[in-house]
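These notes are about the structure you will find just below.
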Amino acid sequence: MPGITDIFRTDGLAYRDRFASSLLASHRKTIADIIDCRTAVMGGHAFVCDACEHVRYAYHSCKNRSCPTCHESDRKVWLEKRQKERLPVPYFHAVFTLPKELHEVIRSHQKIGYALLMEAAALSLMKLAADARYVGGQIGMLAVLHTWTRALAYHPHIHCLIPAGGLSSDHRYWLHARRNYLVPVRALSEIFRATFMALLRRKLPQISPPASVWKKPWVVYCKSGGYTADKVLTYLARYVHQTAISNSRIISTQEGKVTFRYKDSQKQQWQTMTLDTQEFIRRFLQHVLPPGFHKVRYYGLLSPRNKQRLDQIRREMILHAPLPERETQDSSNEEKEKTEHPHMLCPACRKGHLIPFMIIPRQWRAPP
């Protein structure tokens, strides 16, 4: 089945050479890493069967956070940690988007622009939720940056997962939010717009956004996710360690064209799109984040500095209102043993076991 790695190995170097003068160093590195992922360039181990002497090579992954082949184990670990950290309260899912008039500004100043977008979303939510008419206390949120639509177009936006409630100003009481209502979306949109523009003016005073950004509503979405945030967490975990599109959505790569499927947000139906391979690579690379940028951030009550206080709140809530366990401990332990201790059977004879006998060193590669 074709994948993104195959696309880059076939046309990635041609794309790099075509746009050599304008290609970012991070994009060059991503192209090289995806091409070399799980090949001899990355180094690895050699195994030999103790029965039939069959030799098998296992090469290392590139660990690039945009690579679609890597990080499956990291994704599972991240998801398990977030599930353990959840509070036994309902959750809300909020999405903050920017108007198209600001897309080029953000694209040209990604490290600053993305940070401002995440900060503005968090400040807006916390400011409105602190009003006694809504929550009346300090809320917390997990914020994740996405920069794409399902068709890989450029569309920076923030997903926020928010516990339905907050801590009182004296840090003594948990204040529950209403079941299906956190804050008014229209007011949140206006506060978000004003907050982002103020931050943008402060950080990038040389930028003059068009006046039309003040005349149109900024799209903000907020919906209750109920007592379980599993669906939203699973969706966010899918792209925490990867970028934009998974291999499972690639249908074919033939005659210089890439066909993939995507879900239309208006019709809520799966559709297909065919792009020139070079255009597909361009769309993919525009979602590669700047080096060192953290696409997952925690604000308010969920901030790392409040970890001890949050652990205490979680213990007290579970003590008074325990949630039914999704699985028995025994079954989860058995599943862990199955996944953590696989039998290295020889794929050739199906009798012997593969034994490591040689380390393959990583090859030197010129910097991008």
Side-chain angles (χ1 to χ4, degrees), residues 3-5 30 33-34 37 61-97 114 117-118 121-122 125 140-152 155-164 221-250 260-263 265 270 284 287-289 292-304 307 310 314 323 325-327 331-332 335-336 338-340:
I4 296 172
T5 303
T30 298
D33 285 347
I34 293 178
C37 186
S61 56
C62 66
K63 295 298 182 181
N64 188 301
R65 62 175 174 175
S66 298
C67 178
T69 309
C70 301
H71 305 295
E72 180 61 22
S73 60
D74 295 330
R75 181 192 66 80
K76 292 179 179 178
V77 169
W78 186 88
L79 181 58
E80 289 176 0
K81 286 183 177 180
R82 301 297 82 78
Q83 289 173 336
K84 290 178 181 178
E85 292 171 355
R86 286 183 320 189
L87 295 173
V89 297
Y91 273 74
F92 284 88
H93 177 208
V95 180
F96 295 81
T97 64
Y114 292 152
L117 176 57
M118 301 183 81
L125 267 172
M141 70 204 70
L142 160 67
V144 181
L145 170 70
H146 285 182
T147 62
W148 56 84
T149 65
R150 294 183 176 98
L152 299 185
H155 178 60
H157 58 283
I158 305 297
H159 289 270
C160 296
L161 195 59
I162 312 137
Y221 163 97
C222 187
K223 184 179 179 181
S224 173
Y227 273 85
T228 60
D230 282 347
K231 182 178 287 188
V232 177
L233 276 175
T234 302
Y235 170 74
L236 296 179
R238 194 182 309 162
Y239 298 107
V240 164
H241 296 287
Q242 294 179 351
T243 297
I245 186 172
S246 59
N247 285 327
S248 60
R249 287 172 51 195
I250 307 295
F260 63 96
R261 62 191 185 99
Y262 70 98
K263 194 171 186 179
S265 57
W270 285 98
F284 182 89
H287 307 300
V288 173
L289 295 178
F293 185 86
H294 295 280
K295 64 160 69 174
V296 180
R297 303 189 182 191
Y298 302 85
Y299 295 94
L301 190 59
L302 298 189
S303 174
K307 186 179 185 305
L310 197 63
R314 187 182 299 107
L323 287 176
E325 294 190 9
R326 294 187 298 272
E327 297 179 351
S331 63
S332 62
E335 191 64 30
K336 272 189 176 181
K338 289 179 183 178
T339 56
E340 291 179 1

Working to the nearest 0.5 angstrom, can you tell me the gap between Leu145 CG and Lys295 NZ?
7.5 Å
Show me the pairs that pass side-chain hydrogen bond (donor to acceptor under 3.5 Å, both in side chains) and involve residues 67-79, at least two apart or across chains.
Thr5-Thr69, His71-Asp74, Glu72-Arg75
NZ/Lys63 to CG/Asp33 distance, rounded to the nearest 0.5 angstrom?
12.5 Å
Student check: side-chain heavy atoms of His146 and Leu236 closer than 4.5 Å:
yes
Main-chain N/O of Arg249 paired to Arg261 side chain as donor or acceptor, under 3.5 Å
no
Take Asn64 and Val288 through the side chain to side chain contact (heavy atoms under 4.5 Å, CB included) test and state the conclusion after the steps.
CA-CA 10 Å; Asn64 188 301; Val288 173; 5.8 Å; no
Indicate yes or no: at least one non-hydrogen side-chain atom of Lys84 is less than 4.5 angstrom from one of Lys81.
no
Contacts of Thr243 that satisfy side-chain hydrogen bond (donor to acceptor under 3.5 Å, both in side chains) - sequence neighbours left out:
Ser66
In terms of heavy-atom contacts, Arg150 and Tyr262 come closest through O-CB, 3.4 Å
Considering all heavy atoms of both residues, which atom of Cys62 and which atom of Cys37 are nearest to each other, and what is their separation?
N-SG, 3.5 Å
List in chain and number order the residues that pass side chain to side chain contact (heavy atoms under 4.5 Å, CB included) with Thr149, two or more places apart in sequence or in another chain; answer none if no residue qualifies.
Ala151, Ala153, His155
Do Met141 and Phe92 have side chains that get closer than 4.5 Å, going by heavy atoms?
no
Close side-chain approach of Leu142 and Leu233, heavy atoms under 4.5 Å:
yes
Distance check, rounded to the nearest 0.5 Å: Ile4 atom CD1 versus Phe284 atom CZ?
5.0 Å
Partner residues of Tyr239 under the side-chain hydrogen bond (donor to acceptor under 3.5 Å, both in side chains) criterion, sequence neighbours left out
none
Between Val77 and His241, is the side chain to side chain contact (heavy atoms under 4.5 Å, CB included) condition met? List the steps.
CA-CA 11 Å; Val77 169; His241 296 287; over 6 Å; no
Which heavy atom of Ile162 sits nearest to which heavy atom of Gly140, and what is that distance?
CG2-O, 3.3 Å
What distance do Leu125 atom CG and Cys222 atom SG have between them, rounded to the nearest 0.5 Å?
6.5 Å
Kindly indicate whether the side chain of Leu302, heavy atoms from C-beta on, has any atom under 4.5 Å from the side chain of Leu161.
no
How many angstroms lie between OG1 in Thr234 and CZ in Arg82, if you round to the nearest 0.5 Å?
13.0 Å
Hey, does Leu289 have a side-chain heavy atom less than 4.5 Å from the side chain of Thr147?
yes
Taking all non-hydrogen atoms of both residues, which atom of Asn247 and which atom of Gly3 are closest, and how far apart?
OD1-CA, 3.5 Å
Atom of Arg65, atom of Phe293 and distance for their closest heavy-atom approach
NH1-O, 2.6 Å
Flag the pair Val232 / Tyr91 as yes when at least one side-chain heavy-atom distance between them is below 4.5 Å, and no otherwise.
no
What are the two closest heavy atoms between Leu152 and Ala244, and how far apart are they?
CD2-CB, 3.6 Å
Tell me, please, which residues at least two apart from Ala143 pass side chain to side chain contact (heavy atoms under 4.5 Å, CB included).
Met118, Ile158, Cys160, Tyr299
By ring pair (Phe, Tyr, Trp, His ring centres under 6.0 Å), Tyr298 pairs with (sequence neighbours left out) none
